[in-house]
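Below is one structure, written out as structure tokens; the observations come after it.
Side-chain atoms are counted along with the backbone in the values below, which use heavy atoms only and exclude waters and symmetry mates.
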Amino acid sequence: MGVESHWQAWHRAYEDPDSSLSRRLAVVTRHLVTAIHEAPEGPVRLISMCAGQGRDVLGALHDHPRRLEVQARLVELDPLLAAHGRAAALAADLRGVDVVTGDASNTSAYADMVPANVIVACGIFGNIAPEAIRDTVLELRRLSARGAVVIWTRHRRPPDLTGSIRMWFADAGFAEVVFEVDRGGGSFGIGVHRLAAAPLPLRPGRVMFAFAPDGADAHLPGSFEA
């Protein structure tokens, strides 16, 4: 048996229903349900970056009335986490959900799934440099359909960058729908933004961000928020 990766260990917090990660999952899933409901009629294109096991997307689609309209691409670098997501999607008979093992930072990973109506960017902004967050937010406009919804997360520990991230979304042409913080004692923030400007064309092969190797410098000791 191989050594468990940082991110595989990180996902164990989901097994505790009282963890901040489980609380965050519940909020993200709720916003995903709404975003899918409100998407234009017809197929709903959804992409999830650094998707992990895909718990948020799969949870939102579990009994969603539009579950069969959703065409989703979930991209995860860790092969075991991606395999878990694929198995869960298969078990739920979600044939429109494609869980791939790949580099979520590269825009080419989404080339045949954009422009997307819903974009999930959770667990990313707490693990990359501020300038990479800004660059990623700007690039999201090139992955978005007109009126697309982006759901993102970021911890609020010092330095709290959530205010800057909200401003960067505004600068990129997104209107804020809601921003929520953890009311259970944790430090996560969750933003939902809708593209108000005209979409821009995809730039294939664009690298948006880079994680620390296997999350080595991603979190404070004992933290499971990103």
Atom pair [atom1] ([X]) and [atom2] ([Y]), whose distance is rounded to the nearest 0.5 Å:
{"X": "Thr29", "Y": "His64", "atom1": "OG1", "atom2": "NE2", "answer": "11.5 Å"}
{"X": "Met49", "Y": "Leu74", "atom1": "CE", "atom2": "CG", "answer": "12.0 Å"}
{"X": "Ile133", "Y": "Ile165", "atom1": "CD1", "atom2": "CD1", "answer": "4.5 Å"}
{"X": "Leu94", "Y": "Leu58", "atom1": "CG", "atom2": "CG", "answer": "6.0 Å"}
{"X": "Gln71", "Y": "Asp98", "atom1": "CD", "atom2": "CG", "answer": "11.0 Å"}

Taking the basic N atoms (NZ, or NE/NH1/NH2) and the acidic carboxylate oxygens, is any pair closer than 4.0 Å for Arg134 and Asp171? no
Any sub-3.5 Å donor-acceptor pair from [X]'s side-chain atoms to [Y]'s backbone N or O?
{"X": "Arg67", "Y": "Leu61", "value": "yes"}
{"X": "Arg141", "Y": "Pro199", "value": "no"}
{"X": "Arg66", "Y": "Gly42", "value": "yes"}
{"X": "Thr136", "Y": "Met208", "value": "yes"}

Please list every donor-acceptor pair under 3.5 Å in which a side-chain atom of residues 113-126 meets a protein atom from a residue at least two apart or in another chain.
from, atom 1, to, atom 2, distance (Å)
Asn117, OD1, Arg45, N, 2.8

Heavy-atom neighbours of His62 NE2 exceed 12 at 6.0 Å: no
Please say whether more than 12 non-hydrogen atoms of neighbouring residues, nucleotides or ligands are located less than 6.0 Å from CZ in Arg95. no
Ile47 versus Val75: any side-chain heavy-atom pair under 4.5 Å?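 No, every pair of side-chain atoms sits at 4.5 Å or beyond.
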Given the options Arg23, Arg24, Arg157, Asp182 meets salt bridge (Lys or Arg N to Asp or Glu O under 4.0 Å) only with Arg23
